[in-house]
Novice: 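First, the structure itself, so that you have it in front of you.
Any value given below was found using the heavy atoms of this structure, including those in side chains, with hydrogens, waters and symmetry copies removed. Remember, predicted model here, so these are calculated numbers, not experimental data.
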Amino acid sequence: MAETAAALRTVAHNVRAARIRAGLTLEELSRRAQVSKGALVGLEKAQGNPNLATLVRLADTLGISVSALMQGSPEGRVRVVSAEAVAPLWTGERGSEARLMLTTSGPAPVEVWRWRLEPGEEYPSHPHQGGVVETVSVTSGRMTLIVDGTEHIVEAGQTATFDGDTPHTYRGSGTEASHLIMTVHLPPGPAPAS
């Protein structure tokens with residue numbers, strides 16, 4: 001419980017700081033991210049329980065990564081993260097999960113995710129901001145990647161990439177869980193509003 005409260009305080013601080021850096025009011029961020037102003041006010045006060053879709057919309061609008069909203073100060077030049085140390089940001093009813101492992105620093109950060117998709121379970125994602133590119137590398141099993149309504153089978157040992165500014169869905173295929181590494185390549189952040 002204390003870890004959850006601390007994580008929420010970190011998200012609250014990071015959302016507010018990024019909003020101010022971008023020169024956005026609560027109303028403007030609410031409108032652009034399609035998140036209610038009440039939810040945004042609560043989040044900045046470290047209240048509530050934002051879901052992955054809300055965090056992605058806020059991060060996209062602010063031009064930063066989801067993990068930039070969730071992480072505290074950097075700990076040094078090299079950071080090693082184990083999957084067990086990172087709580088899933090999404091879990092499916094059949095046991096699927098997505099963990100945001102880390103985000104690289106720099107003007108165009110890259111998020112690194114670990115996914116497990118159980119057969120038949122799927123995660124639909126809304127379109128991201130323009131310039132976002134996703135790459136999916138299947139390490140075991142088989143998944144179906146649906147981009148703008150077209151299905152693509154991606155098997156163990158294969159990698160697919162696509163522009164993330166269109167609707168897309170990840171679905172577990174076959175008879176066993178599929179494991180994949182997903183990277184989300186973010187464009188440089190927006191210039192502050194004048």
Novice: Counting only heavy atoms not in Gln158 (residues, nucleotides, ligands), do more than 12 fall under 6.0 Å from its CD?
Specialist: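 For Gln158, atom CD is crowded (more than 12 foreign heavy atoms under 6.0 Å).
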
Novice: Rounded to the nearest 0.5 Å, how far does CG of Leu62 lie from CG of Leu24?
Specialist: 6.5 Å

Novice: Can you see whether His128 engages Asp60 through a side-chain donor-acceptor pair at a distance of less than 3.5 angstrom?
Specialist: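 Yes, a side-chain donor-acceptor pair sits under 3.5 Å.
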
Novice: Has Asn51 got a side-chain atom pairing as donor or acceptor with Ala53's backbone, closer than 3.5 angstrom?
Specialist: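 Side chain of Asn51 to backbone of Ala53: a pair is present.
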
Novice: Are Trp113 and Leu180 side-chain neighbours, meaning at least one heavy-atom pair lies under 4.5 Å?
Specialist: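 They are not in side-chain contact.
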
Novice: Can I get a per-line list of side-chain donor-acceptor pairs under 3.5 Å for residues 118-127, giving both atom names and the distance, sequence neighbours left out?
Specialist:
residue : atom : partner : partner atom : Å
Glu118  : OE2  : Arg116  : NE           : 3.2
Glu121  : OE1  : Arg94   : N            : 3.3
Glu121  : OE1  : Ser96   : N            : 3.1
Glu121  : OE1  : Ser96   : OG           : 2.5
Glu121  : OE2  : Glu93   : N            : 2.6
Glu121  : OE2  : Arg94   : N            : 2.9
Glu122  : OE1  : Arg171  : NE           : 2.9
Glu122  : OE1  : Arg171  : NH2          : 3.4
Ser125  : OG   : His168  : NE2          : 3.2

Novice: Considering non-hydrogen atoms only, spot the tightest contact between His152 and Thr150 and give its length.
Specialist: CD2-O, 3.2 Å

Novice: Could I get the full list of salt bridge (Lys or Arg N to Asp or Glu O under 4.0 Å) partners for Arg142, not counting sequence neighbours?
Specialist: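 With sequence neighbours excluded, Arg142 shows a salt bridge (Lys or Arg N to Asp or Glu O under 4.0 Å) to Glu155, given in chain and number order.
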
Novice: Look at Arg31 together with Glu27 and state whether they make a salt bridge at an N to O cut-off of under 4.0 Å.
Specialist: no

Novice: Which residues satisfy the salt bridge (Lys or Arg N to Asp or Glu O under 4.0 Å) test with Glu44, sequence neighbours excluded?
Specialist: Arg19

Novice: Any idea which heavy atoms bring Pro187 and Gly130 closest together, and the distance?
Specialist: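 Result for this residue pair: CG-O, 3.7 Å.
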
Novice: To the nearest 0.5 Å, tell me how far Ile153 CD1 sits from Met143 CE.
Specialist: 9.0 Å

Novice: Is the shortest side-chain heavy-atom distance between Glu111 and Thr183 below 4.5 Å?
Specialist: no

Novice: Does the side chain of Val11 reach to within under 4.5 Å of the side chain of Val15, using non-hydrogen atoms?
Specialist: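 In contact.
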
Novice: Any non-hydrogen side-chain atom of Leu43 less than 4.5 Å from a side-chain atom of Gln47?
Specialist: no

Novice: About how many Å separate OG1 of Thr25 and CD1 of Ile20, when rounded to the nearest 0.5 Å?
Specialist: 11.0 Å

